[in-house]
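In what follows, a structure is listed as structure tokens, so that the remarks can point back to it.
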Amino acid sequence: MVGLTSIRTSGHKIEIVNQLLLPHTVEFIPIDTVEEAHDAIKSMKIRGAPAIASLAALIVSSEIARGLETTPPPSFLESPQALKEFIEPKLSYLFTARPTAVNLGAATRRLANTLQSGLDAGKDAKIIAQDLVAEGLAIDSEDVSRNKAMSKWGGDWLMEQVKKKGGSGTAINVMTVCNTGSLATSGYGTALGLITYLHETGNLQKAFFTQSTPYHQGSRLTAYELLSLNIPSVMLCDSMVGSLFQHNNIAGIAVGADRIAKNGDTANKVGTYNAAVLAARHGIPFIVVAPVSTVDLDVEDGSGIPIEHRPPLEACLVRGALYPFVANADGTKAQASVMVTPEGLEGVYNPSFDVTPAELITAIVTEKGVAVKEDGKTSFDLSKIV
């Protein structure tokens, strides 16, 4: 199976894997403009908070870098003010693609701050442009190392919790929701990275994952990643989580995040809250694994997190390979979308995310460490891990 990645680059060329076609077809799409990046993010051809932040940073970097190499130079390099007027609308536009994912906002703000710092310092337009290119590349490159760091923090913490309950800390079963691996990041992953770390260290028995409807990020993407990594795994329908907890020894639930409020309330793929409620009922540690850039200290609690609602039609359709398999002319499996609801269904509730209250979360992990609540508290102090 091919190595998994959400984004690949060569010079100023950017391509993303079309995640809407996975796992049956691996198709890379060129992204040449901010508008194409916005469409790819909005349509979920690329998804995962860290990955979309990387794409946003890379496309801005690429457009500027191509301008720097053009003769004669484009008009946006004629002056610092012209550069500002060129860049700021693009950053604002990219931010509108997925409003819940705070990483996207963090990336665009970093680029905006780089721009403003250059303007304040009186730098030449070309120098500011070079600074923006470097910052965009840095945003992307930082992702893998921090993912490995948080995965180790979280995995070691979970093994310690198992030992405290009298277990060996090995042969651990962990459940996850949605997809938080290499396809959702620039590599390794967050919550799925924790599972990968446990597997690599010989401490994982099985990974359990929900289908994560209606986009099936679990059954399409997480399944694909776990197979590629040869990690023993079991898929379950979203409605089977309670049954899983009743009949299996699950050591912990590890999930990613699209935004974490100051108090620890966490927005993530819809269905995360359901899993957290059931985990609390069964006394299973519930762990959020996400980079520092996902923590939004400007939002006091979950009530301030905007929740994106997807088009109702998306909840009425399922896409996949025709079965029995039918080959296209190029040898790929033929795919189709089918409607599983009555035509004309008007009442459809289809949020992309839900918010898990901090009181249901056992630990929040970033690349800087693990935060737990103080005894008797229902919220987190995240100051030590941001």
With heavy-atom distances below 4.5 Å as the criterion, would you say the side chains of [X] and [Y] are in contact?
| X | Y | value |
| --- | --- | --- |
| I128 | P80 | yes |
| R8 | K13 | no |
| C316 | V348 | yes |
| L158 | V174 | yes |
| Y349 | H309 | yes |
| D301 | V355 | no |
| V241 | F208 | no |
| Q19 | L183 | yes |

The reported gap from CG in D39 to CE in M44 (rounded to nearest 0.5 angstrom) is 13.0 Å
Spatial distance of atom CD (Q205) from atom CD1 (I231) [nearest 0.5 Å]: 14.0 Å
Sorted by chain and number, sequence neighbours left out, side chain to side chain donor-acceptor pair (under 3.5 Å) with Y188 holds for E200
Where do D258 and R98 land on the salt bridge (charged side-chain N to carboxylate O under 4.0 Å, His left out) test, with the steps shown first? CA-CA 10 Å; D258 286 82; R98 299 293 307 270; 5.9 Å; no
Would you say the side-chain atoms of [X] pair up with the backbone N or O of [Y], donor to acceptor, closer than 3.5 Å?
| X | Y | result |
| --- | --- | --- |
| D354 | Y273 | yes |
| T210 | C237 | no |
| N113 | R109 | yes |
| K262 | V299 | no |
| S212 | C178 | yes |
| K269 | T213 | yes |
| N147 | G187 | yes |
| N18 | L20 | yes |
| N173 | A207 | no |
| T25 | E27 | no |

Report yes or no: do [X] and [Y] belong to one cluster of Ile/Leu/Val/Met/Phe/Trp/Tyr joined by side chain heavy-atom distances under 4.5 Å?
| X | Y | value |
| --- | --- | --- |
| V289 | I52 | no |
| I14 | I139 | yes |
| F209 | Y224 | no |
| V234 | M175 | yes |

Less than 4.0 angstrom from a charged side-chain N to a carboxylate O is my criterion; do K384 and D381 meet it? no
Over all atoms of both residues, closest heavy-atom pair of [X] and [Y]:
| X | Y | answer |
| --- | --- | --- |
| S293 | N103 | OG-ND2, 3.1 Å |
| T176 | V255 | OG1-CA, 4.4 Å |
| V34 | E63 | N-OE2, 2.7 Å |
| T294 | A257 | CG2-O, 3.6 Å |
| A125 | L77 | CB-O, 3.6 Å |
| N350 | P214 | OD1-CG, 3.6 Å |

Would [X] count as a cation-pi partner of [Y], with NZ or CZ less than 6.0 Å from the six-membered ring centre and within 45° of the ring normal?
| X | Y | value |
| --- | --- | --- |
| R220 | Y215 | no |
| K152 | Y197 | no |
| K90 | F86 | yes |

Decide yes or no on side chain to side chain contact (heavy atoms under 4.5 Å, CB included) for E15 and I7, but give the supporting numbers first. CA-CA 6 Å; E15 293 180 314; I7 305 170; over 6 Å; no
Does [atom1] in [X] sit with more than 12 non-hydrogen atoms of other residues, nucleotides or ligands closer than 6.0 Å?
| X | atom1 | result |
| --- | --- | --- |
| W157 | CH2 | yes |
| Q246 | CD | yes |
| K206 | NZ | no |
| D330 | CG | yes |

Where do H38 and T33 land on the side-chain hydrogen bond (donor to acceptor under 3.5 Å, both in side chains) test, with the steps shown first? CA-CA 9 Å; H38 184 281; T33 66; over 6 Å; no
Walk me through whether N263 and S379 qualify under side-chain hydrogen bond (donor to acceptor under 3.5 Å, both in side chains). CA-CA 5 Å; N263 73 334; S379 62; 5.7 Å; no
I would like to know whether I305 and T100 meet side chain to side chain contact (heavy atoms under 4.5 Å, CB included); could you show each step before the answer? CA-CA 7 Å; I305 299 176; T100 302; 4.1 Å; yes
Taking the six-membered ring for Trp and the full ring for Phe, Tyr or His, determine whether the centres of F95 and Y93 are under 6.0 Å apart. no
Let me see the working for M339 and L313 under side chain to side chain contact (heavy atoms under 4.5 Å, CB included), right down to the final yes or no. CA-CA 9 Å; M339 181 171 283; L313 180 63; 3.7 Å; yes
With side-chain hydrogen bond (donor to acceptor under 3.5 Å, both in side chains) as the test, would you mind laying out the steps for T266 and T356 before giving the verdict? CA-CA 5 Å; T266 296; T356 300; over 6 Å; no
Among D140, L55, T185, V144, find the residue that satisfies the side chain to side chain contact (heavy atoms under 4.5 Å, CB included) test when tested with P50. T185
Before giving the answer on side chain to side chain contact (heavy atoms under 4.5 Å, CB included), spell out for I64 and I87 the whole-Å C-alpha distance, their side-chain angles and the decisive distance to 0.1 Å. CA-CA 9 Å; I64 297 171; I87 293 297; 3.5 Å; yes
Once salt bridge (Lys or Arg N to Asp or Glu O under 4.0 Å) is applied, what residue pairs with a partner in residues 122-135 remain, sequence neighbours excluded? R110-E135, K123-D131
Mind jotting down which residue pairs meet the ring-ring contact (aromatic ring centres under 6.0 Å, His included) criterion with at least one end in residues 227-256? Sequence neighbours excluded, please. F245-H282
